[in-house]
Amino acid sequence: MKKEKILGVNVSVTSYEELKNNVEKDILNHQKSFIVAINPEKILKARKDEKLKELLNKATYQIPDGVGIIYASKIKKGQIKSRITGIDCMDMLCNLANEKGYKVFLYGAREETIKEAKVKLEEKYPKINIVGYINGYEKDNEKIIKEINKSQADIVFVALGSPKQENWINDYKDKMSATIFQGVGGSFDVISGNIKRAPLWMQKAGLEWLYRLIKEPKRIFRQLKLVKFLFLILFSKKEI
Ligand code: UDP
């Protein structure tokens, strides 16, 4: 799959359909794959953290999560045209699991949240086989790995926030028999209904950030980073 470098971080040039086909092939071939969502905030973190940058660049798929990435690619005359958010990718994998019977494991978030997320996923995907879940505050990694392996999961969603979830997947994926690993950040909170997603028209207009800002004004500090990111893109000499 083609990738573009944005401030030194790989981003996959792909579509929802292509990603779905590739992931399915990975499952069938037992080819371990690691999906990370790349947004401006993560790229800024990676600029200051060489190890994180290396880890992100090593992932199998770096999905373009957020309009900031689309703008950056456009400014640098790249080819990334549409977003695939972390939660959309998770939705795609759940659909696949629902259709094909792949087993799903949920790891991360608070106990109440993850329990509710499981119920909501089972309502939305009636045939989904969620073979287990563990909240994100369990400290015993050996126990977590054992439980995931015992469940014989094919797909593991990890929601510990970033970069904790990426580090965790990187450290432990080779000890697990599952094939697909995705870091999903706050997605369990959204699925459980704890946090509402923006209305569809705002998502389509690329205004999800505005909705989140209205809901959680303290995000302004996180969002100001987007301005810094675009400034860096505009003034960085490196082409994609
Ligand atoms: N979380 C967790 N264990 C931790 C720290 C965080 O399970 O040690 C969970 C937290 O409960 C929340 C999610 O990770 O559900 C973090 O969501 P956030 O929106 O902060 O993620 P990001 O913005 O990094 O995608």
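Counting convention: from 1, in listed order, for ligands and their atoms alike. As a basis for the values below, the full set of heavy atoms in this structure was taken, side chains included, without hydrogen atoms, waters or symmetry mates.
- To the nearest 0.5 angstrom, Y102 atom OH is 5.0 Å from I27 atom CD1.
- The closest donor-acceptor contact from the side chain of S12 to the backbone of Q62 lies under 3.5 Å.
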In a table with atom names and distances, give each donor-acceptor pair under 3.5 Å that connects a side chain of residues 207-218 to protein atoms at least two apart or in another chain.
| from | atom 1 | to | atom 2 | distance (Å) |
| --- | --- | --- | --- | --- |
| E208 | OE1 | R197 | NH2 | 3.4 |
| E208 | OE2 | R197 | NE | 2.7 |
| W209 | NE1 | G206 | O | 3.1 |

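- Y172 pairs by the ring-ring contact (aromatic ring centres under 6.0 Å, His included) definition with W168, not counting sequence neighbours.
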Under 3.5 Å: N or O atoms of ligand 1 paired with protein N or O:
| from | atom 1 | to | atom 2 | distance (Å) |
| --- | --- | --- | --- | --- |
| ligand 1 | 1 (N) | Y137 | OH | 3.2 |
| ligand 1 | 3 (N) | G136 | O | 2.9 |
| ligand 1 | 7 (O) | A109 | N | 2.8 |
| ligand 1 | 7 (O) | A159 | O | 3.4 |
| ligand 1 | 8 (O) | K164 | NZ | 2.6 |
| ligand 1 | 11 (O) | Y137 | OH | 2.9 |
| ligand 1 | 14 (O) | A159 | O | 3.2 |
| ligand 1 | 14 (O) | G161 | N | 3.4 |
| ligand 1 | 15 (O) | D189 | OD2 | 2.5 |
| ligand 1 | 23 (O) | R222 | NH2 | 2.8 |
| ligand 1 | 24 (O) | S162 | N | 2.9 |

Under 3.5 Å, which donor-acceptor pairs link side chains of residues 105-112 to any protein atom two or more places apart or in another chain?
| from | atom 1 | to | atom 2 | distance (Å) |
| --- | --- | --- | --- | --- |
| E111 | OE1 | N135 | ND2 | 3.0 |

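- When atom types are taken as modelled, the side chain of K32 and the backbone of K173 share a donor-acceptor pair closer than 3.5 angstrom.
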